[in-house]
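Just below is one structure, and these are the notes that go with it.
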Amino acid sequence: MMITPPHSECELLTRAQALAGLSLGKLAQELGLAVPKQQLYAKGWIGELIELKLGANAGSKPEPDFIELGIELKTLPINHLGKPRESTFVCSINLNEERTIAWENSTVWRKLRRVLWIPIEASPTIPLAERKIGMPLLWSPNPEQTQILQMDWQELTTMISFGQINQISAKLGRYLQIRPKAAHAKSLCWGLNEYGEPMLTLPRGFYLRASFTEQILKQYYI
DNA sequence: AAGTGATCATAA
DNA sequence: TTATGATCACTT
């Protein structure tokens, strides 16, 4: 089943709003998909389900999901208190080229400048098929948030460019952090060591801290 | 209970 | 192997 991409931001938002209150089971049924028995082996299923329904068309390109609209789609797992259960993956990091890119052209900024957040009930006590889709939020970082995101990105990217990849931990960064993004701890990709020489290391990605996405939710519910 | 590091599925 | 979609699970 192929769904046409939305032609405008307004159309996308309207489509997303129409999903609010719908259960994942109902949506899957509508699209002719089976609900996985365990999320452990289908971690990205919810995101892919929503992408399919809304007509996202970026595939696995390092671009916002709705390329023409410049909008990134993110599902946000919410616990019974209404808070994010997890951090949010933003993008993979090219450990060789990140340093040559300006913030304005970075994948982090191109994805975060406009995000359609879709809250999803995610308490483990609720069966996957019964979890409901929440009201979407079409968000852009405000100037303060943008500045902090940029500072985090700059600090972390500078470390990468100075060959300090092995000194980066998830403790760094106020809103953005870098964590492994790999099949397993033995996955390898090329980066640079402190002498600027190629070095094999673990693939990494940028993530948004759950405390930051919680702040985003509050921005809208006040 | 958070937060960090590890892991799972899939396409190109 | 790279990118996407993320959540799992161990440590603190």
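We name chains A, B, ... by the order of the sequence lines, and we start the count at 1 in each one.
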Seminar exercise, completed: Minimal heavy-atom distance between A:Gly82 and A:Leu217, with the atoms involved, is O-CD1, 3.7 Å
Problem set entry | Nucleotide C:dT2, atom P - distance to CG of A:Leu188 in whole Å | 9 Å
For this session: Would you classify A:Lys186 as touching base, sugar-phosphate or nothing, given that sugar-phosphate means primed atoms plus P, OP1 and OP2, and contacts are heavy atoms under 4.0 Å?
Result: nothing
Problem set entry | Interatomic distance where CG belongs to A:Leu208 and P belongs to C:dT7 [whole Å] | 13 Å
Seminar exercise, completed: From the candidates C:dA6, C:dC8, C:dA3, the one with an atom nearest any side-chain atom of A:Lys74 is C:dA6
Exercise. With a non-hydrogen cut-off below 4.0 angstrom, is A:Gly44 in contact with a base, only sugar-phosphate, or nothing?
Worked result: base
Seminar exercise, completed: Taken to the nearest whole Å, CG/A:Asn94 to P/C:dT2 is 8 Å
Exercise. Are A:Tyr207 and A:Lys181 close enough that some pair of their side-chain heavy atoms sits under 4.5 Å apart?
Worked result: yes
For this session: For A:Pro180, report the nucleic acid contact type (base, sugar-phosphate, nothing); a contact means any heavy atom under 4.0 Å.
Result: base
Exercise. Which comes earlier along DNA chain B counting from the 5' end, the contact point of A:Ile178 or that of A:Glu48, where each point is its nearest nucleotide?
Worked result: A:Ile178
Exercise. Are A:Ile3 and A:Arg15 side-chain neighbours, meaning at least one heavy-atom pair lies under 4.5 Å?
Worked result: yes
For this session: Compare side-chain N and O positions of A:Ser87 against OP1 and OP2 of C:dA6 and report whether any pair is under 4.0 Å apart.
Result: no
Exercise. Could you state the NE2-C1' distance from A:His184 to C:dC10, rounded to the nearest angstrom?
Worked result: 19 Å
Exercise. In whole angstroms, how far is the C1' atom of C:dT4 from the OH atom of A:Tyr207?
Worked result: 12 Å
Exercise. Should the heavy atoms of other residues, nucleotides or ligands under 6.0 Å from CZ of A:Arg113 be counted, would the total exceed 12?
Worked result: no
For this session: Inspect the surroundings of CE in A:Met151 and state if more than 12 heavy atoms from other residues, nucleotides or ligands are less than 6.0 Å away.
Result: no
Exercise. With a 4.0 Å cut-off on heavy atoms, is A:Glu63 in touch with a base, just the backbone sugar-phosphate, or nothing at all?
Worked result: nothing
Exercise. Which heavy atom of A:Arg85 sits nearest a heavy atom of A:Ser123, and at what distance?
Worked result: CD-N, 4.5 Å
Exercise. 5'-most contact on DNA chain B: A:Ala210 or A:Ala185, nearest heavy atom basis?
Worked result: A:Ala210
For this session: At the 4.0 Å heavy-atom cut-off to chain A, mark where contacts on DNA chain B begin and end, going 5' to 3'.
Result: B:dT4 to B:dA9
Exercise. side-chain hydrogen bond (donor to acceptor under 3.5 Å, both in side chains) between A:Gln39 and A:Arg131: does it pass, once the steps are laid out?
Worked result: CA-CA 12 Å; A:Gln39 240 187 325; A:Arg131 296 183 191 176; 3.2 Å; yes
For this session: Would you mind reading off the distance between A:Leu76 atom CG and C:dG5 atom C1', rounded to a whole angstrom?
Result: 14 Å
For this session: Have a look at A:Ile46 and say if it touches a base, only the backbone sugar-phosphate, or nothing, with a 4.0 Å heavy-atom cut-off.
Result: nothing
For this session: Report yes or no: is there a donor-acceptor pair, N or O only, under 3.5 Å between the side chain of A:Glu86 and the base of C:dC8?
Result: yes
For this session: Indicate, with a heavy-atom threshold strictly under 4.0 Å, whether A:Pro203 touches base, sugar-phosphate, or nothing.
Result: nothing
Exercise. How is A:Ser187 classified with respect to the nucleic acid when contacts are heavy atoms under 4.0 Å: base, sugar-phosphate, or nothing?
Worked result: nothing
Exercise. Would a 4.5 Å heavy-atom cut-off, applied to side chains only, mark A:Asn166 and A:Asn193 as touching?
Worked result: no
Exercise. Between C:dG5, C:dT2, C:dT7, which one does the side chain of A:Cys189 approach most closely?
Worked result: C:dT2
Exercise. Between C:dT4 atom P and A:Lys181 atom NZ, what is the distance in whole Å?
Worked result: 8 Å
Exercise. Base, sugar-phosphate alone, or nothing: which one does A:Phe89 contact when heavy atoms must sit under 4.0 Å apart?
Worked result: base
Exercise. A:Asn96 CG to C:dT2 C1': how many Å, rounded?
Worked result: 12 Å
